[in-house]
**Student:** 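Supplied in structure tokens, the structure appears directly below.
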Amino acid sequence: MLTKLVRFLGSIKLAVPVLGAIASILIWATFYESKVGSLVVQQQIYKSPWFGALMFLLAVNLGVSTLSRYPWRGARKVGFALTHLGLIVLIAGSAAVIHLGVEGLLLVRTDQPANHLVRVEGELLEVMDDQGQVQQAAVMVTPERIISPTQFAGLRLLDYIENSVETVEYRDGDAQDDPAIRLVLSSDRMGQTFDQWLSPAAETVDLGPAQLELWQAANQTDLQQLLADPTQQQARQSGTLMFKMGDVDTPLAIDDLRRQDAVINDIQVHLLNVWPDFRLDDQNQPITASQDWRNPALEVEVTQADLQERWFVFAQAGPILAGDESLLDLDWEYQIPPPPTSDYFRVVVANQKLYYAARSSKSFTSGPLVMDQMIQPGWADFKITLADWLPHGKRIQERLPAPSGVEGVPALQVASADGQQWLTWGDSALIADGAHPKMAAFGPRMLALPFRVGLDDFVVERNEGSDSVAMWTSQIRIEDLQGESAQKRSVWMNHPTWYQGWKIAQASWNPGDLNQSTLQVKREPLWVTALTWSGALLTVLGVGVMFYGPTLFKKRSAVLEQPTEPITAEPTPLPLAPQDG
């Protein structure tokens with residue numbers, strides 16, 4: 001039984017259908033790739049377990065077939081063995097290239113520092129749990145919107161829209177929901193009327209030259225600050241941290257916490273870090289991407305007797321406990337005053353009442369706001385009317401494909417135990433998931449290089465006497481991450497450069513912006529390259545030996561076996577003795 005199985009594994013009966021199946025798959029994958037892209041084909045076919053098993057079966061067939069002809073005597077058998085060995089090595093090298101190779105695009109500019117982040121194919125889903133542990137997964141989406149993986153880090157991936165716009169409305173909710181208002185904006189001169197919902201969870205809507213805002217005032221001081229004329233306010237503060245314990249809310253000014261810890265009853269509040277624009281770096285460590293207050297976050301440590309907790313409090317996403325569970329029954333809210341630089345129409349909720357503040361380049365007004373009240377903020381002839389007011393509004397969010405001609409953003413829909421939520425490309429969001437909320441971000445998939453590449457100059461050469469482009473060259477600067485050394489290189493089409501095993505080639509350029517260049521960065525381990533080259537050489541050598549070896553062997557044997565005539569020496573005549581007369 002075992003002998004029959006071995007014979008079958010090395011037989012032509014197995015080789016033909018396996019080779020036929022592989023050839024058919026490769027032909028179909030070539031056409032399929034033109035529709036869905038190389039990333040989808042790699043994930044669904046070349047990196048799939050079933051295709052790997054098929055290639056492994058072919059390698060086994062080649063190996064058993066070769067061993068069954070041992071000993072390899074004669075040119076044909078030696079060539080046969082070398083050819084099959086080369087094919088096995090090629091299969092192994094191809095698998096290593098597919099699974100271990102790295103390729104991406106690097107954007108460099110002359111007016112920016114050297115860059116080390118390569119954009120690779122696919123999107124990245126990043127999830128941070130309440131313990132601070134971060135998990136990452138590459139997200140692949142087919143044109144039919146089939147998502148892979150379907151589950152990750154406790155979330156289910158439901159849907160994806162490549163170019164989406166958000167639609168939001170509010171309905172009456174329960175006591176835990178935030179207030180919401182609907183404003184109607186109209187302009188007789190422009191002939192436009194549209195309405196906009198606002199809530200503290202998404203308190204600012206950018207209208208271009210002006211903003212619509214909704215804020216909640218924690219106390220009378222906050223109310224006065226939010227309704228004050230910005231031209232009379234002092235420089236912007238870092239905001240207020242609301243310390244919530246039970247039914248008691250205690251405001252703590254961030255600027256005061258920077259100087260001194262706060263003590264509330266027997267609880268000490270210590271401010272560890274402030275990040276105006278919170279991000280995670282390549283090592284998943286918190287940093288601030290800029291000094292603009294775009295995504296402010298705090299790190300706070302609270303101590304009571306021998307109990308200690310550490311919290312991350314986000315102005316947009318709320319608090320996250322850095323630990324298993326809260327033992328002190330605390331809650332937090334981080335409030336940032338809005339920047340006074342833009343014109344705005346601001347609505348403030350305080351003690352179940354509404355107030356407004358309208359700022360334009362010409363005037364500033366403020367006061368109470370009631371239903372159907374019409375306000376002229378001073379933006380041309382625009383009028384603003386309060387059309388709806390929900391003290392407890394439940395937010396209903398939907399993502400729809402953008403209409404033709406409208407620019408949207410990619411979005412990924414995920415689901416947890418508490419419901420569904422959309423993640424927009426490039427943004428992070430807090431996802432409720434029972435007692436263990438998560439922070440999730442959806443965006444480009446990036447790879448950090450072990451060096452940086454800067455663009456010193458981008459040179460475009462044109463044909464003499466015309467504006468047609470003859471050649472373009474990126475003059476780059478390669479730096480180590482420590483900034484201790486730098487090398488200058490030139491890269492142009494079909495003339496790449498190599499650095500530490502990485503191939504850097506010219507990918508594309510922007511004719512409208514010669515300060516920018518796009519480079520292709522590719523790497524595969526040296527042993528993988530050696531493996532593929534060795535397999536190719538063995539295959540060529542084996543074919544040569546198998547087809548030309550017998551002829552050469554026969555010619556050599558014929559030369560060696562050709563009979564040779566014996567060499568005979570002519571007899572030397574003896575001198576005749578003189579005869580007596």
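Counting from 1, the numbers follow the sequence of the chain as shown. All values below were derived from every heavy atom in this structure, side-chain atoms included, with hydrogens, water molecules and symmetry-related copies excluded.
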**Student:** Take Ile504 and Ile478 through the test side-chain contact (heavy atoms from CB on, under 4.5 Å) and record every step on the way to the result.
**Tutor:** CA-CA 10 Å; Ile504 305 174; Ile478 304 177; 3.9 Å; yes

**Student:** Is the backbone of Thr288 close enough, under 3.5 Å, to the side chain of Asp277 for a donor and an acceptor to pair up by distance?
**Tutor:**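 A pair under 3.5 Å: no.
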
**Student:** Quick check: closest heavy atoms across Asn219 and Pro251, and the distance to 0.1 Å?
**Tutor:**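 Closest approach of Asn219 to Pro251, heavy atoms only: ND2-CG, 3.4 Å.
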
**Student:** Around atom CG of Asp174, are there more than 12 heavy atoms of other residues, nucleotides or ligands at under 6.0 Å?
**Tutor:**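 Yes.
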
**Student:** Determine, stepwise, if the pair Val302 / Trp332 fulfils side-chain contact (heavy atoms from CB on, under 4.5 Å).
**Tutor:** CA-CA 12 Å; Val302 292; Trp332 308 85; 3.3 Å; yes

**Student:** Keeping the roles fixed (side chain from Asn515, backbone from Arg109), state whether a donor-acceptor pair exists under 3.5 Å.
**Tutor:**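 A pair under 3.5 Å: no.
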
**Student:** Distance check, rounded to the nearest 0.5 Å: His116 atom NE2 versus Leu481 atom CG?
**Tutor:**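 The distance works out to 6.5 Å.
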
**Student:** Tell me, yes or no, whether the heavy-atom count around Asn265 atom CG, taken from other residues, nucleotides or ligands under 6.0 Å, exceeds 12.
**Tutor:**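 No - once you tally the heavy atoms of other residues, nucleotides and ligands closer than 6.0 Å, there are 12 at most.
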
**Student:** Show every salt bridge (charged side-chain N to carboxylate O under 4.0 Å, His left out) that has at least one partner inside residues 446-456, sequence neighbours left out.
**Tutor:**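 Passing the test, one end in residues 446-456: Asp456-Arg477, Asp456-Lys488.
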
**Student:** Does any non-hydrogen side-chain atom of Gln216 lie less than 4.5 Å from one of Asp178?
**Tutor:**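 Asp178 reaches Gln216 side chain to side chain.
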
**Student:** Taking atom CD of Gln136 as the centre, report whether more than 12 heavy atoms of other residues, nucleotides or ligands fall under 6.0 Å from it.
**Tutor:**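 More than 12 heavy atoms, drawn from other residues, nucleotides or ligands, come within 6.0 Å of this atom.
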
**Student:** Which pair of heavy atoms, one from Leu214 and one from Pro179, lies closest together, and at what distance?
**Tutor:**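 Heavy-atom minimum between the residues: CD2-O, 4.1 Å.
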
**Student:** Shortest non-hydrogen contact from Ala289 to Arg279?
**Tutor:**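 Scanning both residues completely, I find the closest heavy atoms to be CB-CG, 3.6 Å.
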
**Student:** Do Glu123 and Arg445 have side-chain heavy atoms sitting under 4.5 Å apart?
**Tutor:**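 Glu123 does not reach Arg445 side chain to side chain.
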
**Student:** Is Val274 close to Leu298 at the side-chain level, that is, under 4.5 Å between some pair of heavy atoms?
**Tutor:**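 Sidechains of Val274 and Leu298: in contact.
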
**Student:** Determine whether Leu271 and Leu241 make a side-chain contact, defined as any pair of heavy atoms from C-beta on separated by less than 4.5 Å.
**Tutor:**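 No, too far: nothing below the 4.5 Å cut-off.
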
**Student:** Let me confirm one number: the CZ-CD distance from Arg346 to Gln211, rounded to the nearest 0.5 Å.
**Tutor:**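 It is 9.0 Å, given to the nearest 0.5 Å.
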
**Student:** Would you check, one step at a time, whether the test side-chain contact (heavy atoms from CB on, under 4.5 Å) holds for Glu169 with Trp197?
**Tutor:** CA-CA 6 Å; Glu169 64 178 15; Trp197 281 97; 4.1 Å; yes

**Student:** Set out, in order, the CA-CA distance, both residues' side-chain angles and the distance that settles side-chain contact (heavy atoms from CB on, under 4.5 Å) for Ile264 and Leu252, then state yes or no.
**Tutor:** CA-CA 10 Å; Ile264 305 168; Leu252 303 173; 4.1 Å; yes

**Student:** Flag yes if more than 12 heavy atoms outside Glu407 fall under 6.0 Å of its CD atom; otherwise flag no.
**Tutor:**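 Result for CD/Glu407: open.
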
**Student:** Can you see which heavy atom on Lys244 is nearest to which on Asp249, and at what distance?
**Tutor:**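 So the minimum-distance heavy-atom pair works out to CG-OD1, 3.3 Å.
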
**Student:** Measuring from atom CG of Leu105 to atom CG of Leu447, what distance do you get when rounded to the nearest 0.5 angstrom?
**Tutor:**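 These two atoms lie 12.0 Å from each other.
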
**Student:** Is the NZ atom of Lys353 crowded by more than 12 outside heavy atoms at less than 6.0 Å?
**Tutor:**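 Not more than 12 within 6.0 Å, no.
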
**Student:** Please check if the side chain of Trp379 supplies one atom and the backbone of Arg359 the other of a donor-acceptor pair under 3.5 Å.
**Tutor:**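 Confirmed, Trp379 side chain pairs with Arg359 backbone.
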
**Student:** Heavy atoms, side chains only, cut-off 4.5 Å: are Asn284 and Glu126 in contact?
**Tutor:**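 Yes - at least one pair of side-chain heavy atoms lies under 4.5 Å apart.
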
**Student:** How many angstroms lie between CG in Leu354 and CH2 in Trp389, if you round to the nearest 0.5 Å?
**Tutor:**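 If we round to the nearest 0.5 Å, Leu354:CG and Trp389:CH2 are 4.5 Å apart.
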
**Student:** How long is the span from the CG atom in Asp388 to the CZ atom in Arg171, to the nearest 0.5 Å?
**Tutor:**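 Rounded to the nearest 0.5 Å, the CG-CZ separation comes out at 13.0 Å.
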
**Student:** Testing the basics here: between Pro444 and Leu124, what is the closest heavy-atom pair and its distance to 0.1 Å?
**Tutor:**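 Smallest heavy-atom distance, with atoms named: O-CB, 3.8 Å.
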
**Student:** Name the orientation class of the two ring planes belonging to Tyr356 and Phe345 (parallel below 30°, tilted from 30 to 60°, perpendicular beyond 60°).
**Tutor:**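 Plane angle under 30°, so parallel.
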
**Student:** Taking Ser508's backbone N and O only, do any of them form a donor-acceptor pair with Gln506's side chain (distance below 3.5 Å, no angle check)?
**Tutor:**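 Side chain of Gln506 to backbone of Ser508: a pair is present.
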
**Student:** With heavy-atom distances below 4.5 Å as the criterion, would you say the side chains of His270 and Thr303 are in contact?
**Tutor:**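 Not touching, per the 4.5 Å side-chain cut-off.
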
**Student:** If you define the side chain from C-beta out and look only at heavy atoms, does anything of His436 sit under 4.5 Å from Asp130?
**Tutor:**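 Yes, close enough: below the 4.5 Å cut-off.
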
**Student:** Just wondering, do Ile431 and Leu423 contact through their side chains at under 4.5 Å, heavy atoms?
**Tutor:**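 When only atoms from C-beta onward are counted, Ile431 and Leu423 do touch, with a gap below 4.5 Å.
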
**Student:** Applying salt bridge (charged side-chain N to carboxylate O under 4.0 Å, His left out), can you list everything that pairs with Asp433, at least two apart in sequence or on another chain?
**Tutor:**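 Asp433 satisfies salt bridge (charged side-chain N to carboxylate O under 4.0 Å, His left out) with Lys438 only.
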
**Student:** Is a side-chain donor or acceptor of Ser474 paired with a backbone partner of Ile476 at a separation under 3.5 angstrom?
**Tutor:**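 Pair absent, no side-chain N/O of Ser474 close to backbone of Ile476.
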
**Student:** So, using salt bridge (charged side-chain N to carboxylate O under 4.0 Å, His left out) as the criterion, who are the partners of Arg399 when residues are at least two apart?
**Tutor:**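 Partners of Arg399 under the salt bridge (charged side-chain N to carboxylate O under 4.0 Å, His left out) test: none.
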
**Student:** For the pair Tyr160 and Phe442, name the ring-plane relationship: parallel under 30°, tilted 30 to 60°, perpendicular over 60°.
**Tutor:**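 Because their plane-to-plane angle is over 60°, the rings of Tyr160 and Phe442 count as perpendicular.
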
**Student:** Identify the residue among Val108, Val118, Leu455 that makes a side-chain contact (heavy atoms from CB on, under 4.5 Å) with Leu519.
**Tutor:**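 Testing Leu519 for a side-chain contact (heavy atoms from CB on, under 4.5 Å) against Val108, Val118, Leu455 leaves exactly one candidate, Val108.
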
**Student:** For the residue pair Ala387 and Met371, what are the closest heavy atoms and their distance?
**Tutor:**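 For Ala387 and Met371, the tightest heavy-atom pair comes out as O-CE, 3.3 Å.
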
**Student:** Are the side chain of Arg182 and the backbone of Asp195 linked by a donor-acceptor contact shorter than 3.5 Å?
**Tutor:**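 Checked: no pair found.
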
**Student:** Report the distance from atom CD of Glu479 to atom CD of Gln487, rounding to the nearest 0.5 Å.
**Tutor:**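 The CD atom of Gln487 is 11.0 Å from CD of Glu479, to the nearest 0.5 Å.
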
**Student:** Determine whether the side chains of Glu299 and Asn273 contain a donor N or O and an acceptor N or O closer than 3.5 Å.
**Tutor:**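 Side-chain D/A pair, Glu299 to Asn273: present.
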
